[in-house]
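For reference, positions follow the sequence shown, starting with 1.
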Amino acid sequence: QVQLVESGGGLVQAGDSLRLSCQASGPNFRTKAMGWYRQAPGKAREYVAVINWSGGTTYYSDSAKGRFTISRDNAKNMIYLQMNSLKPEDTAVYYCAAAEGSSTTDFIGAPSLPFWGQGTQVTVSS
């Protein structure tokens, strides 16, 4: 069972940067595709970014492309989301998630993901 704990959220101003972290524990973390979702008040949870097991392949939502960078450190069982040029519309609870498989398609294409963190709040003021 993979367990995920996010950190790094907070209150920032538009244009600022934040780096979210996700500490993973449990077996086979290094073989799993990982990623980030977010959920704003009153809205559905939406995909933000995904990274494959090795860190060699990444994909982003249109809203994240060019501003956010996902990375992982398998030696430390960590994944990160560097968020730059933050906008008020980025305000949401950000969740770390893991797929069963190792590729980005195992993450993006899955009807549901088996492992989730508890979320970390990001608030961007204008």
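- A side-chain donor-acceptor contact under 3.5 Å links N84 and S17.
- Among all heavy-atom pairs drawn from A64 and V48, the shortest one is CB-O, 3.8 Å.
- Within the 4.5 Å cutoff, the side chain of F68 has no heavy atoms near those of the I70 side chain.
- Between K87 and D90, none of the side-chain N atoms (NZ, or NE/NH1/NH2) sits under 4.0 Å from a carboxylate O, so this pair counts as no salt bridge.
- Side chains of I79 and W36 form a contact here, defined as non-hydrogen atoms less than 4.5 Å apart.
- With values rounded to the nearest 0.5 angstrom, S7 atom OG is found 9.0 Å from R19 atom CZ.
- Other residues, nucleotides and ligands place more than 12 heavy atoms under 6.0 Å from the OH atom of Y47.
- Counting heavy atoms from C-beta outward, D16 and L18 have side chains that stay 4.5 Å or more apart.
- Side-chain atoms of Q23 come within 3.5 Å of backbone N or O of K76 as a donor-acceptor pair.
- One side chain, R38 or Y94, offers a donor N or O that lies under 3.5 Å from an acceptor on the other.
- Donor-acceptor pairing under 3.5 Å is lacking for the side chains of N28 and R30.
- A donor-acceptor pair under 3.5 Å is absent between the side-chain atoms of E6 and the main chain of L20, judged by distance alone.
- Separation of atoms SG (C96) and CD (Q3) is listed at 12.5 Å; rounding is to 0.5 Å.
- By the criterion of side-chain heavy atoms lying less than 4.5 angstrom apart, applied directly or through intervening Ile, Leu, Val, Met, Phe, Trp or Tyr residues, M34 is not grouped with V5; the two fall into different hydrophobic clusters.
- Proximity of the aromatic rings of Y37 and F107 is defined here by a centroid distance below 6.0 angstrom, and this criterion is met.
- Using a 4.5 Å heavy-atom threshold, the side chains of Y60 and R67 count as separate.
- Of the possible donor and acceptor atoms, none in the side chain of N74 sits under 3.5 Å from a partner among the backbone N and O of N77.
- The cationic group of R45 lies under 6.0 Å from the six-membered ring centre of W116 and within 45° of the ring axis, placing it in a cation-pi geometry.
- Heavy-atom minimum distance, A97 versus L113: CB-CD1, 3.8 Å.
- Using a 4.0 Å cut-off between charged side-chain N and carboxylate O, D106 and K32 make no salt bridge.
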**OP:** Take Y59 and I51, measure what side chain to side chain contact (heavy atoms under 4.5 Å, CB included) needs, and give me the verdict at the end.
**Re:** CA-CA 7 Å; Y59 290 106; I51 189 166; over 6 Å; no
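- Among all heavy-atom pairs drawn from A24 and F29, the shortest one is CB-CD1, 3.2 Å.
- Pairing each heavy atom of T105 with each of S103, the nearest pair is OG1-OG, 2.8 Å.
- If you chain together hydrophobic residues whose side chains sit under 4.5 Å apart, V2 and Y95 never meet in one group.
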**OP:** Apply the test side chain to side chain contact (heavy atoms under 4.5 Å, CB included) to residues M83 and V122: give CA-CA distance (whole Å), side-chain angles for both, the deciding distance (0.1 Å), then the verdict.
**Re:** CA-CA 10 Å; M83 304 187 294; V122 172; 3.9 Å; yes
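- Taking all atoms of both residues into account, the shortest heavy-atom contact from R72 to A33 is NH1-CA, 4.2 Å.
- If you check the side chains of T123 and Q121, you find a donor sitting under 3.5 Å from an acceptor.
- Pairing each heavy atom of L81 with each of A49, the nearest pair is CD1-CB, 4.2 Å.
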